[in-house]
Each structure stands twice: as structure tokens, then as C-alpha cells.
Peer 1: 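Structure incoming, see below.
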Protein chains: 2
Amino acid sequence: MKVLIVEDDPLHRSYLHEAVNAALPECDTVIEAENGTVGEKLARDHKSAHIVMDLQMASRNGIEAARTIWKERPETRILFWSNYSDEAYVRGVSRIVPDGAAYGYVLKSASDERLKLALRSIFIESQCVIDREVRGLQQKSLGQTNGFTDSEYEILVDIALGLTDRAIAKRRSLSLRSVQNRLQQLYDKLDVYQTAGDDHEDGRFNLRARAVTIAFLRKLLNYSALERAEAELQEWLDGK
Amino acid sequence: MKVLIVEDDPLHRSYLHEAVNAALPECDTVIEAENGTVGEKLARDHKSAHIVMDLQMASRNGIEAARTIWKERPETRILFWSNYSDEAYVRGVSRIVPDGAAYGYVLKSASDERLKLALRSIFIESQCVIDREVRGLQQKSLGQTNGFTDSEYEILVDIALGLTDRAIAKRRSLSLRSVQNRLQQLYDKLDVYQTAGDDHEDGRFNLRARAVTIAFLRKLLNYSALERAEAELQEWLDGK
DNA sequence: CGCCGTCTTGCGTAAACCCGCAGCTTGTCG
DNA sequence: CGACAAGCTGCGGGTTTACGCAAGACGGCG
């Protein structure tokens, strides 16, 4: 059995290497990649079936890399090992995992035991392992309770990118008014009005900009999500 | 000599611990804190004069912690040890370092040698050590060439927070028109127009929102900067 | 001192945004 | 089938933005 480790940080990389050796005696080869780009290449070259992947890398982040890897070989087992459980990450991962694929999401703050257990569960038993904390987010985010619909999230991303209502309408094939409806919905859910100040007179917020800020502060958005969205946007723009 | 290490990640913490021991034989005690809050407390209790500090920690980030520590004891020597050289961080640090204080900014990607050298330079020689890469940013950001004035940065933050023109005017004691002037200046420098699409007809950007996005993508802003700005804003709001 | 560049402010306008109101289309359920 | 909720759309109008134009204010500099 071969395992591919994709991780920015040398310290974490060697820690992972050791953990893999300790948890998986049946593993005879461990390969390492220091960013997503190299990770993709190595995965392709070695036809890796077992990958441990960091999210948040400089050159090409874990979600991007995982997406192309899964596109080529959907049965690949990937364990995401991340510092954060931002909703943006969780949502990003959920969006790309193929049907029935075995994957995991473990936080770096987890204990050695948990990490090793996850390694065995995913790589040997083909079982999904999601950290409790992450799991919570996932439920909340997918269930509509207090969470955001895909369409709401979509429009959030669109205004975060800085599109006008009209542009959004064109992109999503909606009327102007519908876009604005969704925006209101979003403002509602994000409590933009509440923070907008009790006394309306003094200093109001720009709802659109404020919504993005709040989403950032709540980790609904983060740099990586923005980056991905921006790339998609450019793609769309190019495709006329 | 005592050294205080403030760092989230256990792996990095122990790495730092070793590095300090190796580089500073004259250091007899090393204390560790796993976040900014604890870091502040320990610094106070031990009257620490030598600190190695991570930026980007969950509970209270390095900039916040450093600010209060320097406020209490401005001659404290602090070495910032960070993963990133976002302009937002560099600017944040520059803003809080007291006159004549010795401090350093070294990236985690630097070699062992560089780290050890920096430790000795700062703690023994009281000399500032700024990584070349960070230095570059600093120059660019402070010199006006291609960089942003404080007033431009200020207004960038304000719209990122989601304030209206009117609110910004009130906060910064300016007229509405002046605020808008600065905004135009900002839009200019950020190249909002260029990205706004060559064909004006199709889909334009919302300049205000787009500016914030671009700033994020260029690391002029990041989560930590937003968080700090939001806290300041709340403070201002409370103070009527 | 007069000239000039930078910054501030006011006026006015076209566009974009926020949103209440109301008519339509769907899908679901009894 | 009728009722009802949820989403899309157009209309209308009040507010906010973006920005050209132009009149001061302030600070160097020859």
C-alpha cells in the first residue's frame, strides 16, 4: 500500500509521515508533496489511492487538488487534515466529494489517536470519518435550520465577488428582481439589519458590503473560497 | 535570560523551543503559551523581555497580544514568526511597534539558520531583523509607490466593514464628498475599473464590493485585519 | 509675494440598490 | 380538484453611489 501526503508545512509533513507509518504497518511507501500542484502530479503518476491532504496551501489549495484528483479517479480515498473547520471549507469539500467516495476530515488539533484511527478507518475500512466539530457544521449547513440554502450561498458569493445585481441576474439566469429577492433573504439570515444599528439615524451600514463582512467574520467565506469563486467567475467571463 | 514562546501549534511550539535552546545558551528558562490570551498573562506575570510570537492564533492573535504587551512594557523585544507575509499583517505590525523597539519578523519558511540568527540579533544585540520578503512589502506599503496611503487604507477598511459613505464621513470627520473622493482614489489604485470588464455593456462590477474583493485577493486585507477593524468599529459605535 | 499641486467641499445627475405591493407559475397535500 | 406555500417577475419610488465640474483652503518653492 502506498500513501501520498500533501502538506505545506515540513513539520506537519514529517509528523504525518510518522503517523502513517505507525498507524498503517501495511503501508510500504510514503510519498510527500509540498503543495497542491505537486500533489496532483504525484497522485497521477503513482495512481495514488490513498491521500492525506492539507487544505490551505499556497500554490494550489487542497480543495482544488482534491477536485482534479477525484475527477480523474473518483474512488481515491482522501483524508483532509486541516487547521480550521470554517464553514467555507466544509462546504467546499462537501461540494466536490464524489458519490460514495470514502473520505475524512480531521482537524490538526485532534489527538494522535484520532488521526491514526481515521487513517485506518478510511484507508483500510473505506469508511468516512468526519470530526465531530466539522460534522456539526456540515449538518447545520446542509439542513436548512439556521443554515444557508445553496441559492443563498450562491448569491452571497456573487456579491462577495463584487458583481452588480444585473450581472448576477445574467450569470444565474434570473430577473433583476429575483436577484434582489434573494439578497433580501440573505440579509435577513445574516442579521444585517440588527447590526445595522438600533438608531437608524446615525450611521447605517451598506447592506451589501456588510453582508460580505459578516459572512467573513462567521467563516462562511474565507480566502480560499473567494479565490475559487474568482477563478470560476473568470472562467464564466471568458466563456462570454 | 527568559524567553516566552506564544504559538498555537504544538509542533511549531516545540520546534521553537528547541531553536531557542540551540541559539541562546544564555537562556535558562523557556515558557510557552498556546494562544494570545495566555501569552499576555504570562508576559505580565513574568515581566518577559523576550518573546517569540506567532501571528494568527485562534483565541487572540499575535498583533492584539503584542499591542497590549508593548503598551505595558514598550522595551519588550518581540520576534514575530509567521506563516504569511500578507500586507495586512505587515501593516498591522508596523502600526503597533513602539518607537525604537527592537523586533523581528521572520517567516516560518525560513531556514533554521535564519531563525537562530534572528533570535540572537534581536534578543542579544537588540537589532531589528525583518525577512527580506517582508521588508519588500513594508517598503512598498509605506513608500507611496504603488502602495497605499494611510488614508486610502483607512477608507478601504471602512467600506470592507460595510459602512455607508455617510457613516464613514461621520467617523472620519469628513464631508460626504471627500469620502467619495477617497473612494475614487482607492478604486483607481486597485484597478477596479480594469477588471470591471472591457465591454462595459455586459456585466459591470459593483465598485465598492469589488474593491474589497480585490483587496482580499491581494492580501491587503485578511481575516485578522477585518476582525481587528470590526472590534475598533464596535468600540467607536459604543462611544456614540 | 504669486504660482502650483494636493486636499476638501458643495452642487447636480445618472445609475444602482433596497424593498413594498401584486400578479403568475409550480409543487405539494388533503 | 381546490387550497396553500414558495419562488419568480414587473412596477414604482425612496435612498445611496459614482463622479464631473468648480470653488476655496493649505503648503511649499522660486
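Just so we're on the same page: letters track the sequence lines, and every chain starts at 1. Every value quoted in this text rests on a predicted model; they were computed, and no experiment measured them.
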Peer 1: Can the positive tip of A:Arg77 be found less than 6.0 Å from the middle of the six-membered ring of A:Phe123, inside 45° of the ring normal?
Peer 2: no
Peer 1: I need the CZ-P distance between B:Arg204 and D:dA18, as an integer number of Å.
Peer 2: 12 Å
Peer 1: In plain terms, say whether B:Arg218 and B:Glu87 are close enough for a salt bridge, that is, a side-chain N and a carboxylate O under 4.0 Å apart.
Peer 2: no
Peer 1: Output the rounded distance in Å from CZ (A:Phe205) to C1' (C:dC17).
Peer 2: 18 Å
Peer 1: With rounding to the nearest 0.5 Å, note down the distance linking CZ in B:Arg182 to CD in B:Glu154.
Peer 2: 6.5 Å
Peer 1: Whole angstroms only, please: what is the OH-P distance between A:Tyr187 and C:dC17?
Peer 2: 9 Å
Peer 1: Nearest whole angstrom, please: distance from the P of D:dC8 to the CD of A:Glu152.
Peer 2: 11 Å
Peer 1: Any donor-acceptor pair under 3.5 Å linking the side-chain atoms of B:Asp165 with those of B:Gln180?
Peer 2: yes
Peer 1: To the nearest Å, how far apart are A:Leu207 CG and C:dC17 P?
Peer 2: 12 Å
Peer 1: Quick one: on DNA chain C, does B:Asn206 or B:Gln185 contact a more 5' nucleotide (nearest heavy atom)?
Peer 2: B:Gln185
Peer 1: In whole Å, I'd like the distance from the CD1 atom of A:Ile155 to the C1' atom of C:dC18.
Peer 2: 13 Å
Peer 1: Using whole Å, what does the distance between atom C1' of nucleotide C:dC17 and atom CD of A:Gln184 come to?
Peer 2: 11 Å
Peer 1: What does A:Arg172 touch in the nucleic acid at a heavy-atom separation under 4.0 angstrom: a base, only the sugar-phosphate, or nothing?
Peer 2: nothing
Peer 1: Parallel, tilted or perpendicular for A:Trp70 and A:Phe80, by the 30°/60° rule?
Peer 2: perpendicular
Peer 1: Below 3.5 Å is the cut-off: list the nitrogen or oxygen pairs between protein and nucleotides 9-12 of chain D, distance only.
Peer 2:
residue, atom, partner, partner atom, Å
D:dT9, OP2, A:Ser175, N, 2.6
D:dT9, OP2, A:Ser175, OG, 3.2
D:dT9, OP2, A:Ser178, OG, 2.7
D:dT9, O5', A:Ser175, OG, 3.2
D:dT9, O4, A:Asn181, ND2, 3.4
D:dG10, O6, A:Arg177, NE, 3.4
D:dC11, N4, A:Arg177, NE, 3.3

Peer 1: Quickly work out the B:Tyr193 OH to D:dG20 P distance and round it to whole Å.
Peer 2: 8 Å
Peer 1: Distance to the ring centre below 6.0 angstrom and angle to the axis at most 45 degrees; does that hold for B:Lys219 and A:Tyr223?
Peer 2: yes
